[in-house]
Amino acid sequence: MSIMKRTANAEKQKRFRDKQKDKGKKQVRGYVTPQAMDCYTELSDKTGWTDSEMLSNALRITYAAYKCGQIKLLNEWLKDHDK
């Protein structure tokens, strides 16, 4: 890969990150909205989980809901609580 192409790619990525910040989004494991960041902070404060633990446990909860046929119930709870 040429130096020119790497520089252009890095500039493109920087512009993307700057646009996300301008929209009020913060990067955790991707860019999240302020509302999602509030939920993340609330969960982190209540559980004491690290970012890695939070991702792992969220996947486990979602998978368990799927295996038990409870995805609809989980989605309804999230909607009812504006999450």
Side-chain angles (χ1 to χ4, degrees):
M1 189 182 291
S2 72
I3 293 175
M4 185 75 112
K5 192 170 186 174
R6 276 186 263 162
T7 304
N9 201 17
E11 290 171 1
K12 184 178 177 182
Q13 290 174 1
K14 184 177 181 334
R15 283 193 306 270
F16 175 77
R17 289 191 302 270
D18 290 343
K19 283 181 191 176
Q20 296 304 311
K21 287 178 186 175
D22 291 343
K23 290 179 184 176
K25 295 182 179 180
K26 182 176 179 181
Q27 185 176 12
V28 179
R29 283 192 178 258
Y31 289 94
V32 296
T33 63
Q35 180 187 10
M37 195 63 217
D38 291 343
C39 291
Y40 174 87
T41 304
E42 180 183 348
L43 276 171
S44 181
D45 291 345
K46 287 182 179 181
T47 62
W49 292 340
T50 64
D51 185 47
S52 182
E53 291 170 325
M54 187 136 6
L55 177 63
S56 178
N57 289 331
L59 291 172
R60 288 178 180 159
I61 291 167
T62 304
Y63 183 72
Y66 164 75
K67 289 301 276 185
C68 296
Q70 300 297 318
I71 288 289
K72 184 178 179 186
L73 181 66
L74 179 59
N75 283 333
E76 287 174 5
W77 184 91
L78 291 169
K79 281 189 231 171
D80 291 346
H81 292 86
D82 292 326
K83 301 291 181 189

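Every value quoted in this text rests on a predicted model; they were computed, and no experiment measured them. Position 1 is the first residue of the sequence, and the numbers go up from there.
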Could you walk me through whether Lys19 and Asp22 pass the side chain to side chain contact (heavy atoms under 4.5 Å, CB included) check? CA-CA 5 Å; Lys19 283 181 191 176; Asp22 291 343; 5.5 Å; no
Could you give the distance from CD (Gln35) to CG (Asp38), rounded to the nearest 0.5 Å? 7.5 Å
Report the residues that fulfil ring-ring contact (aromatic ring centres under 6.0 Å, His included) with Phe16, sequence neighbours left out, ordered by chain and then residue number. Tyr31
Spacing of OH belonging to Tyr40 relative to CG belonging to Leu55, to within rounding of 0.5 Å: 9.5 Å
So, Thr47 side chain and Leu43 main chain: donor-acceptor pair closer than 3.5 Å or not? yes
Please report the closest heavy-atom contact between Thr62 and Ile71, naming both atoms and the distance. O-CD1, 3.7 Å
Knowing that exactly one of Lys14, Lys21, Gln20 qualifies, which makes a side chain to side chain donor-acceptor pair (under 3.5 Å) with Asp18? Lys14
